[in-house]
Amino acid sequence: MSAAPDAMSSPQWMAIANQNTPTELVSALTTALAHDWAVDSDRFLHAAGPWSDAVAPLITAGWTLSGPARGRLHVTAPDGQAGASIDIVNRHPDEAITLWAGPSGWGTRAGIAFSSRTPSHLIAATAKAFTDPAPLPRWRDTLHPRLAAHATLTPVEPPQAPVPTPRDIRSRIAVRRPVPVGSVPRWSTATPSALLPARPAARR
């Protein structure tokens, strides 16, 4: 995604998520962006701040800051399975800050790269989603085995129908329609309400 003052202007900043990025992480960014949207506001365009503000949720969650190494600072989760990479050398890089999660590899590592001038509060909102401990729904058949090895999977079974109590059974019996006594089935041709005509006496 990108943001520009108008449809004819060049983007002020860009954010690119790869094919492995979960919906929850992208949603954190788009939700923060939608919150900034207003007719008379351009906060989503020119509110870029220092990189420390952008990764503040990671530091607050106990992630480790290290570097610089090859012109980049690194913030790493305690288990080493997620982190952030910050470019401190180039002036306007396309990947000024990259948030990543998962084992290295094309099919396993999720990543969102933010260009320079991206508002730091939008990056921070996305980073905060990386630290959210709430469980997430995942299909076992679509989860890469290398990711499953680092996840705590809890099967979710549909709730069973409650067993009816004697009180429920009595209430159901009470509302049944009474069956009329002496009723005739639909397939019968008899009419019990009609009397048969008397036979005349035989003459001798």
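From a predicted model like this one, the values you see are computed outputs, not experimental measurements. Basis for what follows: all heavy atoms, side chains included, without hydrogens, waters or symmetry-related copies.
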Inter-residue atom distance [X].[atom1] - [Y].[atom2], 0.5 Å rounding:
| X | Y | atom1 | atom2 | answer |
| --- | --- | --- | --- | --- |
| Ile112 | Met1 | CD1 | CE | 8.0 Å |
| Phe44 | His121 | CZ | NE2 | 10.0 Å |
| Ile123 | Thr118 | CD1 | OG1 | 5.0 Å |
| Trp100 | Phe130 | CH2 | CZ | 9.5 Å |

Item checked: Side-chain donor/acceptor of Ser85 to backbone N/O of Thr98, under 3.5 Å -> no
Note to self: Donor-acceptor check, side chain of Trp51 to backbone of Ala96, threshold 3.5 angstrom: yes or no?
What the structure shows: no
Partners passing side-chain contact (heavy atoms from CB on, under 4.5 Å) against [X] (at least two apart in sequence or in another chain):
| X | result |
| --- | --- |
| Ala125 | Ala32 |
| Thr64 | none |
| Asp87 | Arg72, Val89, Asn90, Pro93 |
| Ala124 | Pro57 |

Item checked: Under the side chain to side chain donor-acceptor pair (under 3.5 Å) test, residues paired with Asp79 that sit two or more places apart -> none
Checklist line | Set of residues satisfying side chain to side chain donor-acceptor pair (under 3.5 Å) with respect to Ser9, sequence neighbours excluded | finding: Asp6
Margin query: Enumerate the side-chain hydrogen bond (donor to acceptor under 3.5 Å, both in side chains) contacts for residues 19-32, please, sequence neighbours excluded, ordered by first and then second residue.
Written below: Asn18-Thr21, Glu24-Arg138
Notebook entry, point to check: Please, which pairs that meet salt bridge (Lys or Arg N to Asp or Glu O under 4.0 Å) have at least one residue in residues 89-109, sequence neighbours excluded?
Noted result: none
Margin query: Please identify which of these residues, Val55, Thr76, Leu58, Val75, meets the side chain to side chain contact (heavy atoms under 4.5 Å, CB included) condition with Leu65.
Written below: Val75
Next item on the list: Decide yes or no for Asp36 and Leu122: does some side-chain heavy atom of the first lie under 4.5 Å from some side-chain heavy atom of the second?
Entry: yes
Next item on the list: Answer whether the closest heavy-atom distance between the side chains of Ile16 and Phe114 falls below 4.5 Å.
Entry: no
